[in-house]
Protein chains: 2
Amino acid sequence: MGSNVREEVMAAAKRAAQSHGYTGLNFRELAAEVGIKSATIHYYFPTKVDLGAAIAKRYWEDSQVLLDSLWNGGNDPARALMEYPNTFRVSLEQDNRICLCSFMSAEHDDLPDPVKREVSAFADINIAWLTRVLSAATDMDTAASERRARAIFAAVAGAQLMARSRSDISVFDALIDSYREAGLLPG
Amino acid sequence: MGSNVREEVMAAAKRAAQSHGYTGLNFRELAAEVGIKSATIHYYFPTKVDLGAAIAKRYWEDSQVLLDSLWNGGNDPARALMEYPNTFRVSLEQDNRICLCSFMSAEHDDLPDPVKREVSAFADINIAWLTRVLSAATDMDTAASERRARAIFAAVAGAQLMARSRSDISVFDALIDSYREAGLLPG
DNA sequence: GATCCTCTATCTATCAGTTGATAGAGAATC
DNA sequence: GATTCTCTATCAACTGATAGATAGAGGATC
């Protein structure tokens, strides 16, 4: 298994990036939070690019596992769809953080390519999952499901961003309700 | 009238912040782009906070003027609503930039209070305008119009963010189409 | 069992580059 | 001549990164 320190650094880096972005990540603060020296981080992640790519990759891998646990061909796709916005809500619950990849999407111009690739993968797996669930839960064909999947993903990310800017999770809840009222989200 | 230099600094700072955020703003690059020395910027904007707040304020003021030119009680609110997403599209057309305030919303935790206030104002004036237009263009009551206004604002911002992450403006267009297809946007 | 070697993991110390900010001199404008 | 504007020079803080020392674990060799 991987060392504890490596895992602790990744966990702290993930949290920091959700609050301050890739640009805002810095070795000394990270090290202080884990209780080590910044040079030690370089032992596990030679460069900042390596660290950034590692946490973005881990982020979408964890998301994939979570989504599959929510629905993976079972018998209640409509319920999974109802639950989907909650996967974004939890970030806001944790000190008003947002999706790592939403933040990094804003930072796109300053992102090294290896990090960009992992950020794209997060969107890909979310959209692919939503497409599958929508196809199972509604009578939309695959093309329509994918269009709707992209729309839902973008809209939920936008709702999370707005809620953060107000430091108010009820803004997120209200927006999700409005999406349902408008017909973007089923339910 | 304000000096040319001051205006040029603000224009360059606005563009930079739309690409790199408030954190990514820096006096030396800004000065180089305008063709002056960084110390000169401090003459017009004593601190970075002053500069950040000034460009965010100008940003929503300009947006207010643009929206009012699009619709201000005239006879075609439905058309204004159709045009609304274009006010976000133009940023992407300019080197894949995004809304200054979307970027700064992501940076919320690292934003000085005076800047935060102006960022909030941008959302406020967009939502207020959308609420008025929706009330005029549809049979929704004021409360429903405001809920929908918030939903549209958040969703369009999300679409812009997704398009940036792919460096592909057609992603934005497709998302807006999908919002219409889903019923979030009229048309 | 004592000595030697290697690898892992962490540290101290330091470098070079960047950044926001300031003091004070000089130039331009009125 | 006073005011406005811009520059040079510099500071202190911060940042990613590197070099090199150290401590300990685990084998291999004698």
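All figures in this text were calculated on a predicted structure; none of them were measured in a lab. Computation of the quantities below employed the complete heavy-atom set of this structure, encompassing side-chain atoms and omitting hydrogens, waters and symmetry-equivalent molecules. Each chain gets a letter, A, B and so on, in the order the sequences are listed, and its residues count up from 1.
Atom-to-atom, CG of B:L30 to P of C:dT18 comes out at 16 Å; the value is rounded to the nearest Å. Taking atom CG on A:D110 and atom P on C:dT18, their separation rounds to 15 Å, with Å as the unit. Rounding to whole angstrom units, CD of residue B:E29 and C1' of C:dT19 are separated by 11 Å.
Remark: nothing in residues 11-27 of chain B comes within less than 4.0 Å of DNA chain D through any heavy atom. A heavy atom closer than 4.0 Å to some atom of DNA chain C occurs in A:I36, A:K37, A:A39, A:T40, A:Y43, A:Y44, these being the qualifying members of residues 35-54 of chain A.
A:S63 places no side-chain N or O within donor-acceptor distance of the main-chain N or O of A:Y59, the cut-off being under 3.5 Å.
Within a 6.0 Å radius of CD in B:E29, no more than 12 heavy atoms belonging to other residues, nucleotides or ligands are found.
For the pair A:K37 and A:F27, the NZ or CZ position fails the cation-pi test of under 6.0 Å to the six-membered ring centre and within 45 degrees of the ring normal.
No hydrogens or angles considered: nothing links the side chains of B:S170 and B:D173 as a donor-acceptor pair under 3.5 Å.
A single hydrophobic cluster is seen to contain both A:V5 and A:L25, as judged by linkage of ILVMFWY side chains at heavy-atom distances under 4.5 Å, directly or through other members. One hydrophobic cluster holds both B:I41 and B:V49 under the rule that ILVMFWY side chains link at heavy-atom gaps under 4.5 Å.
Of the listed residues (B:R164, B:Q94, B:R97), just one forms a side-chain hydrogen bond (donor to acceptor under 3.5 Å, both in side chains) with B:S19, and that residue is B:R97.
Taking the six-membered ring for Trp and the full ring otherwise, the centers of B:Y84 and B:W129 sit less than 6.0 Å from each other.
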